[in-house]
Amino acid sequence: MSETRTRFAPSPTGHLHIGGARTALFAWLYARHTGGKFILRIEDTDAERSTDEYTQKILQAMEWLNLDWDEGPFYQSKRLDLYREYVEKLIENGRAFWCECTSEDLERKREEALKTGGKPKYDGTCRTKGLGPGPGRVVRFASPKSGITSFEDVIKGTISVDNSELDDLIILRSDNMPTYNFTVVIDDATMNITHVIRGDDHVNNTPRQIALYEALGFRLPVFAHVPMILGSDKTRLSKRHGATSVMAYKEMGYLPEALVNYLVRLSWAHGDMEIFSMEELVQLFDLQNVGRSAAVFNPEKLLWLNHHYIKTGDVKRLARLLMPFVIEAGLDPVNDNFLEHVVEDVRERTHTLIDMIDFGDFYFRDIDAAPELKEKFLTSEMLPVFRELISGLDIIDLTDRKMTENVFSNVLEKCGIKFKQLAQPIRVALTGKTASPGIFEIISTLGTKVVPRLKNALNYMESRTAQ
RNA sequence: GGUCCCAUCGUCUAGGGGUCUAGGACGCUGGCCUCUCACGCCGGUAACAGGGGUUCGAAUCCCCUUGGGACCGCCA
C-alpha cells in the first residue's frame, strides 16, 4: 500500500469559509493520521473571479488553523499546458469533440426541456459533426451513454448513477480555458491523490469525473464526500447566518484550536469525547467515523469551546494573542507581565479575546462608575473604612496577596464590618462595575492604580457627606 | 421537474438486533459553593419522522411515505 495523499483545493474567489475549513481539516487530519501527505492546490481557472488577494487570505487562514501542507500551493493557472495536452489526447482518442453550439442556443434548449418536463442536458448536437477548432467553439467530453457508474464512497457507501444521466460536459471553454470537472481529474490523477476528500456537493460530479478517469486511463482514487454544514434554518451556510469566514472568527477573538475542535465534531465523533487536542485528533481521526448527514452550525457550542480553551490555555500565549486586540481597542497594554495577570484574572469569566477587553476594560483605562452605582455603594458608612484601607494599602506591596489580605482583615476588625459588606463598594471603586474578578486578584494586578482609585472614591464620599 | 444523498433530544452526537425505561455535550433550567460575575459540583428538561415488513426480539436490517439537502453552468 502506497502512501496516503490527500489534498485541499479551494478556489480563490472568496475567503476560506467554515465549510471549506472543515473539509480541509478532514483531509489534513486523514493525511496526518495515516502518515501521508497533504497537498494544497489553488483552483484558479476562473480568471474572472479569482484573485491573488483571496489566495493570500486563504493561505493565511490555513496557517492560522495550523493546517500545514507538504506540497504546493500548486496553481491551476500555471498548469494550462498540461490540461490542453490531455484535451488533445481525448480528442485524438475520439473521446472528446469540438462543439459550436452557442450559450444562447443551449440556454434556450435548457429552458424548453425544463418546461416540457425533460432533462436540461446537452442533446449531442455536435457530437458527430467532426468539427475542428474555431472561434466560439468549445471541447466537450463524449460521456458514456449507457451502463451505470457506481463507486464506493468511504463516507456515503455505494453510489450509482445511470450513465444516461451524464451529459457531454465542456472540458475546454471557448476562451481556451479548461473547466473544473476536467482539471480536477487531471490534477488529482497527476498529483497521485489517493483520497479525494471534499464536500458532498460534489457527489453528483463524481460519476462524470470517473468517466474522465476511465477515458484517460487513470487509476481511480478513493472518494470521501463529507456532509455539508448548514445554517440554523437547515439551508446551506451563508452570510445571512452570521460570520462564515474563518478569519472573521479570528477577528472576533476566537482561538484556532477552538474552531478546529468545533469543526471536527461536525459529522464526526469519537464516542463521548468533546475536547480534542490536535495531537489527539491526528491519532484518533478516521474517515470511518464520519457521519453521512449534514450538520447545523451552532455558534453557542463554538463559544463554549472557545471559553474552554481560554480557561485552560497557556497564559503567556493567551496574553500574546490578546495584545493586538488591546492595541486595536486603543488601550495601553502596559507590558507582557501585566497582560498575563489580566488574562489570569478574567479567563474564567470571558468567552473570547474581545470579551476579555470588554469585561476587563478597567485594567486599561481610567474608570468612572455610573452615578447610580456610586450613590448606592460609595456611601458615607464606607468612608472611614476606605480611609483605613488606603492608609493600610498605601504602604505595602500589593502583589503580595497575603499582606493585602492582612490589611483587609485588620481594617474589617477595626471597623466592625464583614468582608461581604465591603466587597461591592471596593469593586465599584476599583472597576466602576458590580461584576469583576475577585477583589484580591484585581488589587494585585492593578498594583499602583489601586490607591489612586480608592482615593477618588474617597473624595466622592467626602464631597457627598459634606453636602 | 430529473438525478443523487440524508433522517436519534432545539443543536452536535453515542448507538452498528437483545446490555436502550436510548448515553454524552451545547443551550435552557433547579440547587450547592460564593466578595460580585463567573468557574466548579449535584440535579432537571428534551429525541429514535410516520407506516409496513424481516426476526423470538429492531433506534439498529429491508420497503414505502413524508420531510430535508445537494446537483442539473463556457462557476468551482
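By convention in this document, chain letters (A, B, ...) are assigned in the order of the sequence lines, proteins followed by strands, and residues within each chain are numbered from 1. Note that the coordinates shown come from a computational prediction; the quantities given were computed from them, not determined experimentally.
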[X] side chain, from C-beta outward: closest of [options]:
X         : options                : result
Thr45(A)  : G69(B), C71(B), A76(B) : A76(B)
Gln424(A) : U36(B), C74(B), A70(B) : U36(B)
Asp46(A)  : C6(B), G24(B), A76(B)  : A76(B)
Glu300(A) : C74(B), A70(B), G27(B) : G27(B)
Trp304(A) : C74(B), A25(B), U11(B) : A25(B)
Lys234(A) : G68(B), C71(B), A76(B) : G68(B)
Leu106(A) : A25(B), U3(B), C74(B)  : C74(B)

Give one of base, sugar-phosphate or nothing for [X], where a contact means two heavy atoms less than 4.0 Å apart.
X         : answer
Pro437(A) : base
Arg427(A) : base
His202(A) : base
Lys311(A) : sugar-phosphate
Thr158(A) : sugar-phosphate
Ser160(A) : sugar-phosphate
Arg347(A) : nothing
Cys101(A) : base
Leu266(A) : sugar-phosphate

**Prompt:** Does C4(B) have OP1 or OP2 sitting under 4.0 Å from an N or O in the side chain of Arg292(A)?
**Reply:** no
**Asked** Can you tell me if the side-chain N/O atoms of Ser267(A) get under 4.0 Å from OP1 or OP2 in U13(B)?
**Response** yes
**Fill in**
All heavy atoms of Leu16(A) vs all of Ala21(A), minimum pair found to be CD1-N, 3.9 Å
**Message:** Using whole Å, what does the distance between atom P of nucleotide C37(B) and atom CD of Glu441(A) come to?
**Reply:** 15 Å
**Prompt:** Taking CD1 from Ile159(A) and C1' from C4(B), how many angstroms apart are they, rounded to a whole number?
**Reply:** 7 Å
Determine which nucleotide pairs with [N], using a 3.5 Å limit on both distances of a Watson-Crick or G-U wobble pair.
N      : value
A76(B) : none
A25(B) : U11(B)
C61(B) : G53(B)
G17(B) : none
U3(B)  : A70(B)
G40(B) : C32(B)

Parallel, tilted or perpendicular: ring planes of [X] versus [Y], cut at 30 and 60 degrees:
X         : Y         : result
Phe285(A) : Phe26(A)  : tilted
His308(A) : Trp304(A) : tilted
His195(A) : Tyr30(A)  : tilted

**Message:** What I want to check is whether the side chains of Asn306(A) and His351(A) have a donor and an acceptor closer together than 3.5 Å.
**Reply:** no
**Prompt:** When the P atoms of C56(B) and G50(B) are considered, how many whole Å apart are they?
**Reply:** 25 Å
**Message:** With rounding to the closest Å, how many angstrom separate the P atoms on G43(B) and G24(B)?
**Reply:** 10 Å
Assess whether one donor atom and one acceptor atom, taken from the side chain of [X] and the base of [N], lie less than 3.5 Å apart.
X         : N      : result
Arg349(A) : C37(B) : yes
Glu274(A) : G24(B) : yes
Arg265(A) : U13(B) : no
Ser293(A) : C6(B)  : no

**Message:** For Gln76(A), run the side chain to side chain donor-acceptor pair (under 3.5 Å) check against Asp44(A), Asp46(A), Asp187(A) and tell me which one passes.
**Reply:** Asp187(A)
